[in-house]
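The block underneath contains the structure these notes are about, expressed in structure tokens.
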Amino acid sequence: MKKIRVHISEIKNNLYAKIPNVVADIFKIQNGDDIEISIYQKNSVDQEKLWDVHPEDINSITFNIQKEVHSMNMYNRIYIPESHRFFFPVSDREFILITDIGNVKTSLTTNGYLSKGLRQWFSLHGPIMPDDEITINLIDEENNFYEMFYFKKGR
């Protein structure tokens with residue numbers, strides 16, 4: 001990981017980070033791209049107060065399926081809410097998802113879906129419905145192994 005310094009500007013009551021042009025060119029950063037920024041302060045007590053929970057300490061996420069399930073069932077994909085996407089490798093980087101039907105090589109798309117390799121999983125579990133619950137555990141961060149558990153509503 002390489003540390004860089006960014007300049008923060010306020011425009012219409014919103015804060016924006018200015019990425020140095022040389023960094024943007026090297027990493028091909030464009031308008032609308034997502035990047036990760038760590039906030040660092042020399043006083044670690046102040047740093048700890050920024051977040052109740054540090055993202056790197058989270059080993060499991062749980063979320064309910066949203067109301068819009070038609071396209072998920074039609075295209076055999078699972079929507080990951082935006083608030084939970086930090087948990088996965090960057091978009092389009094493949095990882096192994098351990099499921100009850102075996103290991104699935106998949107990735108998170110830029111619009112937040114797990115879509116690769118889930119056809120067989122969907123045929124076993126039938127259509128997913130609103131309020132069904134999914135839990136995903138991080139098994140091995142270095143090798144990108146995750147495990148998924150699915151709970152149907154009313155079971």
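Sequence positions, counted from 1, serve as the residue numbers for this chain. Note that this is a predicted model, so its numbers are computed, not measured.
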Give every residue pair that meets the salt bridge (Lys or Arg N to Asp or Glu O under 4.0 Å) criterion with at least one member in residues 93-118, sequence neighbours excluded.
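Residue pairs passing salt bridge (Lys or Arg N to Asp or Glu O under 4.0 Å), neighbours aside: Glu94-Lys105, Glu94-Lys116.
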Determine which pairs satisfy salt bridge (Lys or Arg N to Asp or Glu O under 4.0 Å) with at least one residue from residues 67-77, sequence neighbours left out, and list them in order.
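Applying salt bridge (Lys or Arg N to Asp or Glu O under 4.0 Å) to every pair that reaches into residues 67-77, excluding sequence neighbours, yields nothing.
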For a quick test of reading the model, state the closest non-hydrogen atom pair linking [X] to [Y] and the distance between them.
| X | Y | result |
| --- | --- | --- |
| Ser115 | Thr109 | OG-CG2, 3.7 Å |
| Met129 | Val69 | C-CG1, 4.0 Å |
| Pro127 | Asn73 | CA-OD1, 3.2 Å |
| Asn76 | Leu118 | O-CB, 3.6 Å |
| Asn137 | Phe87 | C-CZ, 4.2 Å |
| Lys152 | Tyr150 | NZ-OH, 3.3 Å |

Output the distance between atom [atom1] ([X]) and atom [atom2] ([Y]), rounded to the nearest 0.5 Å.
| X | Y | atom1 | atom2 | answer |
| --- | --- | --- | --- | --- |
| Lys153 | Asp131 | NZ | CG | 4.5 Å |
| Thr110 | Asp34 | OG1 | CG | 9.5 Å |
| Ile128 | Met72 | CD1 | CE | 4.5 Å |
| His84 | Thr62 | NE2 | OG1 | 7.0 Å |
| Glu147 | Thr99 | CD | OG1 | 9.0 Å |
| Asn144 | Leu138 | CG | CG | 8.5 Å |

Taking everything shown except Glu82 itself, do over 12 heavy atoms lie less than 6.0 Å from its CD?
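Atom CD in Glu82 is not packed in, count stays at 12 or less.
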Can you list the steps and then say if Ile134 with Met148 is a side-chain contact (heavy atoms from CB on, under 4.5 Å)?
CA-CA 7 Å; Ile134 292 185; Met148 181 173 73; 3.8 Å; yes
Test of understanding: with ring pair (Phe, Tyr, Trp, His ring centres under 6.0 Å), list the residues that count as partners of Phe95, not counting sequence neighbours.
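Scan of Phe95 (ring pair (Phe, Tyr, Trp, His ring centres under 6.0 Å), adjacent residues dropped) gives Phe88, Tyr146.
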In chain order, what residues pass the salt bridge (charged side-chain N to carboxylate O under 4.0 Å, His left out) check against Glu133, with sequence neighbours excluded?
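None.
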Do Ile80 and Phe63 have side chains that get closer than 4.5 Å, going by heavy atoms?
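In short, these two side chains touch, coming nearer than 4.5 Å.
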Under a 4.5 Å cut-off applied to non-hydrogen side-chain atoms, are Leu108 and Leu114 in contact?
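Heavy-atom side-chain distance check passes, below 4.5 Å.
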Students should find that the hydrophobic cluster of Ile139, defined by side-chain heavy atoms under 4.5 Å apart, otherwise consists of Ile96, Ile98, Phe145
Could you list the cluster mates of Tyr16? Members are the ILVMFWY residues connected by side-chain heavy atoms closer than 4.5 Å, either directly or through other members.
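Besides Tyr16, the hydrophobic cluster comprises Ile11, listed by chain and residue number.
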Give me the ring orientation class for Phe151 and Phe149: parallel if the planes are under 30° apart, tilted from 30 to 60°, perpendicular past 60°.
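Judged by the thresholds at 30° and 60°, the geometry between Phe151 and Phe149 is parallel.
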